[in-house]
Structure formats: structure tokens, C-alpha cells
Engineer: 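Before I ask anything, here is the structure I am working with.
Quantities reported herein were computed from a predicted structural model and do not represent experimental measurements. In this chain, residues are counted from 1 in sequence order.
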Amino acid sequence: MERGPPKNRIGTSIDPKPISLALRINVEQWNAFDTFWAANKALPFWFLDQTRGDVQLTTDDGSPIYTADGAPLKNTDWWLCMFGDARPAANNLGAAQYSLSFNLAVL
């Protein structure tokens, strides 16, 4: 049976940027993160840019900009990323608080 000519895919020139993060979380957040990591450790996902995200937007004179309902208008940059090779590590800080460290590759 003939299948026709082979298909070629366009390659990608993505140069992932490695990022190391540490988040302070509680027990519920650790459980939610662990569940997310187990289901998505090999898949890309969106993550709020930790360097420029959530910044209040202002006018040229520095006055804050608000939405029609009075909420502050913020810059929300997002990263498309994947987890690094190492499993995320959590250190118990006491009082049901953890420091969660992990690596991301920003695509």
C-alpha cells in the first residue's frame, strides 16, 4: 500500500531559559502543586512571569490606571514553561509552611 511522500516537520529553534524558583506555601498549596506536578511534569504550561508580572500600570505622569469597576490595571506577563529534570523539593519551615524549590525551562 502506498503512503505517499514522507512528511517533514518544521524544526524549532527554541532556546529554553532556565529559571530557579522558591515559593513559600502552606500545606494545601503544597498538595495542589504536587498533584499538578505529577500530572504535568512532561507538559508545557503557563506560569505568571515572576520578574515583570503583576505590576501596576500607570499613565505618563505616574498616576495609576484602573478598570471601569475600580480595580487596578496590572501588567500580566506569562511564561510558557516546563518543569526541569529534578523533582521539586519542599523544606518544612514550621507552622504548616514550606519553602518549595524547583526549576523551570521558559520556552
Side-chain angles (χ1 to χ4, degrees):
M1 170 168 35
E2 286 193 36
R3 294 185 172 177
K7 294 181 181 178
N8 292 324
R9 291 187 189 181
I10 297 174
T12 180
S13 61
I14 294 175
D15 186 18
K17 177 182 175 185
I19 301 287
S20 295
L21 295 170
L23 305 175
R24 186 178 180 134
I25 59 174
N26 62 33
V27 174
E28 291 176 18
Q29 292 168 324
W30 168 239
N31 289 334
F33 181 89
D34 198 42
T35 301
F36 178 81
W37 182 83
N40 296 288
K41 58 187 166 192
L43 299 173
F45 58 93
W46 292 102
F47 193 76
L48 184 62
D49 182 338
Q50 300 298 297
T51 59
R52 291 178 293 189
D54 206 31
V55 175
Q56 173 75 45
L57 296 179
T58 60
T59 61
D60 289 338
D61 66 1
S63 302
I65 301 173
Y66 296 96
T67 64
D69 61 352
L73 190 59
K74 296 186 175 187
N75 177 30
T76 51
D77 287 341
W78 292 87
W79 288 332
L80 179 61
C81 50
M82 294 181 71
F83 285 110
D85 294 333
R87 180 177 176 82
N91 295 319
N92 191 338
L93 302 175
Q97 295 288 310
Y98 294 87
S99 174
L100 178 66
S101 302
F102 56 98
N103 296 319
L104 296 177
V106 179
L107 307 176

Engineer: Before you tell me yes or no, could you show the steps for L93 and R24 under side chain to side chain contact (heavy atoms under 4.5 Å, CB included), namely the whole-Å CA-CA distance, both residues' side-chain angles and the distance that decides it to 0.1 Å?
Structural biologist: CA-CA 9 Å; L93 302 175; R24 186 178 180 134; 4.1 Å; yes
Engineer: Using a 4.5 Å cut-off on heavy atoms from C-beta on, say whether the side chain of L107 contacts that of P44.
Structural biologist: yes
Engineer: For F33 and F102, take the angle between the two ring planes, folded into 0 to 90°, and tell me which bin it lands in: parallel under 30, tilted 30 to 60, perpendicular over 60.
Structural biologist: tilted
Engineer: List for me each residue that meets side chain to side chain donor-acceptor pair (under 3.5 Å) alongside D69, sequence neighbours excluded, and say none if there are none.
Structural biologist: T67
Engineer: Residues in side chain to side chain contact (heavy atoms under 4.5 Å, CB included) with D34, at least two apart?
Structural biologist: W30, R87
Engineer: So, for S20 and N103, which heavy atoms are closest and what is the spacing to 0.1 Å?
Structural biologist: OG-OD1, 2.9 Å
Engineer: Could you tell me whether the side chains of N91 and S99 share a donor-acceptor contact shorter than 3.5 Å?
Structural biologist: no
Engineer: State, to 0.1 Å, how close Q56 and L73 come at their nearest heavy-atom pair, and which atoms those are.
Structural biologist: NE2-O, 3.4 Å
Engineer: Do L80 and F47 come close enough that some side-chain heavy atom pair is under 4.5 Å?
Structural biologist: no
Engineer: Give the minimum heavy-atom separation between P64 and Y66, together with the two atoms involved.
Structural biologist: CG-OH, 3.5 Å
Engineer: How about L43 and M82: do any of their side-chain heavy atoms sit closer than 4.5 Å?
Structural biologist: no
Engineer: Before you tell me yes or no, could you show the steps for D49 and W78 under side chain to side chain contact (heavy atoms under 4.5 Å, CB included), namely the whole-Å CA-CA distance, both residues' side-chain angles and the distance that decides it to 0.1 Å?
Structural biologist: CA-CA 5 Å; D49 182 338; W78 292 87; over 6 Å; no
Engineer: Shortest non-hydrogen contact from W79 to L48?
Structural biologist: CE3-O, 4.2 Å
Engineer: List in chain and number order the residues that pass ring-ring contact (aromatic ring centres under 6.0 Å, His included) with F45, two or more places apart in sequence or in another chain; answer none if no residue qualifies.
Structural biologist: F36, F83
Engineer: Any donor-acceptor pair under 3.5 Å linking the side chain of S63 with the backbone of T59?
Structural biologist: no
Engineer: Donor-acceptor pair, Q29 side chain versus N26 backbone, under 3.5 Å?
Structural biologist: yes
